[in-house]
2 protein chains.
Amino acid sequence: MSLRHALLGLLSDEPASGYELTRRFEKALQRYAWHAQHSQIYPELTKMAADSLVTVAAEGARGRRTYAITDAGRAELRRWMLDPPETFVVRDEGTLRLFLLSTLDADDARTVLVPLIDSCEREIAALRKGIADADAASGGGLPFGRLVAEYGLRSFETLRDWASWALERIEHN
Amino acid sequence: MSLRHALLGLLSDEPASGYELTRRFEKALQRYAWHAQHSQIYPELTKMAADSLVTVAAEGARGRRTYAITDAGRAELRRWMLDPPETFVVRDEGTLRLFLLSTLDADDARTVLVPLIDSCEREIAALRKGIADADAASGGGLPFGRLVAEYGLRSFETLRDWASWALERIEHN
DNA sequence: TTTCCCATGTAATCAGTTACATGATTAG
DNA sequence: CTAATCATGTAACTGATTACATGGGAAA
């Protein structure tokens with residue numbers, strides 16, 4: 001039930017509506033950590049409110065409901081962070097595709113790897129820029145998202161380097 | 001429907017029974033790429049046989065059925081590899097937990113990061129050993145699994161380094 | 001002879017996706 | 001006035017988990 005913990009995590013920063021949480025999912029978690037759509041987020045928030053992990057802090061225009069995390073919600077989030085399940089479930093189509101590279105011949109593998117390296121370069125450039133801007137704005141503090149950006153940057157650099165290495169190994173075989 | 005492609009990928013190496021595919025999932029894909037259990041694998045193989053992506057190559061003792069990939073199965077796998085969907089779905093509890101580190105205070109973050117760094121070290125050592133053994137056995141060839149092992153090694157090194165960096169940033173804030 | 005591993009399956013439930021459905025507000 | 005975005009939801013379906021269920025073969 002990680003959707004629940006992802007939502008608690010986002011709400012622990014600040015209260016938000018289902019709509020905002022959907023946006024933040026897209027921006028912050030979707031790419032690396034967890035994927036969810038509004039059609040799953042709205043009902044889950046309702047359930048979490050029933051379980052007293054969140055409360056409706058405000059109701060605004062157009063039926064907008066702002067949810068805030070409760071103490072019980074914070075406790076549950078902390079519990080999950082400190083006492084994690086021993087097996088983490090992973091489902092990652094991109095990584096699966098990399099793992100199945102060995103089913104392709106050299107030509108096809110090149111067709112996969114070359115664009116992959118390019119897209120890594122673009123991601124890396126974008127993340128570097130985002131990090132530089134954030135560091136300048138915060139003056140050396142550690143804002144929410146800085147750890148994540150660094151993780152993304154390093155992961156993409158690693159992926160790019162691995163893909164280059166794999167390309168070379170494949171060419172010379 | 002990535003389970004299907006994961007199974008095609010494993011079968012493109014060699015024919016296998018549902019039981020063997022379950023083992024191979026655990027060994028090769030579970031940790032990084034895709035998770036599936038026997039209760040999902042068996043019905044999926046039946047469906048794939050109905051769709052002519054695999055065939056029952058042999059029936060053995062205890063109701064054992066060995067599945068082999070068909071030409072249609074290979075074509076479908078290749079199609080998926082070369083023409084991927086533009087958005088890859090990711091669901092990764094471990095990464096989610098890292099992303100939510102910023103919800104913890106410095107003490108709690110340390111409690112998460114220190115064991116994480118340790119477990120990375122253990123993984124790295126095990127992967128290095130596996131790679132060295134495989135390289136010695138294959139004499140410089142590129143056996144199935146070598147790319148994957150390298151990817152795992154580099155990913156864990158990156159995770160370890162990031163976690164160390166994060167620990168330092170957190171301590172000094 | 002009993003314990004462990006091999007081997008396959010189904011049923012009930014839960015999680016997640018896709019498609020449908022509605023309507024208010026804001027900016028141009 | 002009209003297009004884009006804000007904003008929330010439900011229904012039908014598919015994917016995935018958990019628990020149940022069964023039994024053969026091998027080794028100790």
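Per chain, numbering begins at 1; letters A, B, ... match sequence-line order.
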Integer-rounded Å distance: [N] [atom2] and [X] [atom1]:
{"X": "A:Glu26", "N": "C:dT17", "atom1": "CD", "atom2": "P", "value": "13 Å"}
{"X": "A:Ile41", "N": "C:dA15", "atom1": "CD1", "atom2": "P", "value": "15 Å"}
{"X": "B:Arg64", "N": "C:dC6", "atom1": "CZ", "atom2": "P", "value": "10 Å"}
{"X": "A:Met1", "N": "C:dA15", "atom1": "CE", "atom2": "P", "value": "6 Å"}
{"X": "A:Phe88", "N": "D:dT17", "atom1": "CZ", "atom2": "P", "value": "16 Å"}
{"X": "A:Arg4", "N": "C:dG16", "atom1": "CZ", "atom2": "P", "value": "11 Å"}
{"X": "A:Glu59", "N": "D:dA7", "atom1": "CD", "atom2": "P", "value": "14 Å"}
{"X": "B:Met48", "N": "D:dT14", "atom1": "CE", "atom2": "P", "value": "18 Å"}

For A:His35, answer base if it contacts any base atom (sugar-phosphate contacts may also be present), sugar-phosphate if it contacts only those atoms, and nothing otherwise; contact means non-hydrogen atoms under 4.0 Å.
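Sugar-phosphate contact only.
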
Across the strands shown, which category fits A:Ser17 at heavy-atom distances under 4.0 angstrom: base, sugar-phosphate, nothing?
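Since only primed, P, OP1 and OP2 atoms lie under 4.0 Å of A:Ser17, the category is sugar-phosphate.
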
For the student: nearest non-hydrogen atoms of B:Ala6 and B:Phe25, plus distance
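Minimum heavy-atom separation between B:Ala6 and B:Phe25: CB-CZ, 3.5 Å.
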
Apply the test salt bridge (charged side-chain N to carboxylate O under 4.0 Å, His left out) to residues A:Asp161 and B:Arg154: give CA-CA distance (whole Å), side-chain angles for both, the deciding distance (0.1 Å), then the verdict.
CA-CA 9 Å; A:Asp161 294 346; B:Arg154 291 175 183 230; 5.4 Å; no

Measure from the side-chain heavy atoms of [X] and tell me the nearest of [options].
{"X": "B:Gln40", "options": "D:dT10, C:dT8, D:dT17", "result": "D:dT17"}
{"X": "B:Arg91", "options": "D:dC6, C:dT17, C:dT8", "result": "C:dT17"}
{"X": "B:Pro43", "options": "D:dC6, C:dA15, C:dT10", "result": "C:dT10"}
{"X": "B:Trp34", "options": "D:dA16, D:dT10, C:dC5", "result": "D:dA16"}
{"X": "A:Ser39", "options": "C:dT18, D:dA7, C:dT8", "result": "C:dT18"}
{"X": "A:Tyr42", "options": "C:dT10, D:dA7, D:dT17", "result": "D:dA7"}

Using a 6.0 Å distance limit plus a 45 degree cone around the ring axis, check whether A:Arg23 lies over the aromatic ring of A:Tyr19.
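Relative to the ring axis of A:Tyr19, which defines the angle, A:Arg23 lies inside both limits.
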
On DNA chain C, nearest-nucleotide positions of B:Tyr67 versus B:Arg23: which is more 5'?
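Final value for this comparison: B:Arg23.
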
Would you mind telling me which residue lines up with the more 5' stretch of DNA chain D, B:Lys47 or B:His38, judged by nearest nucleotide?
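First, find each residue's nearest nucleotide; the 5'-ward one identifies B:Lys47.
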
Just checking A:Arg78: does its CZ atom have more than 12 heavy atoms from other residues, nucleotides or ligands closer to it than 6.0 angstrom?
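Open.
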
Do the side chains of B:Asp133 and B:Lys129 get close enough for a salt bridge, i.e. N-O under 4.0 angstrom?
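Yes, this pair counts.
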
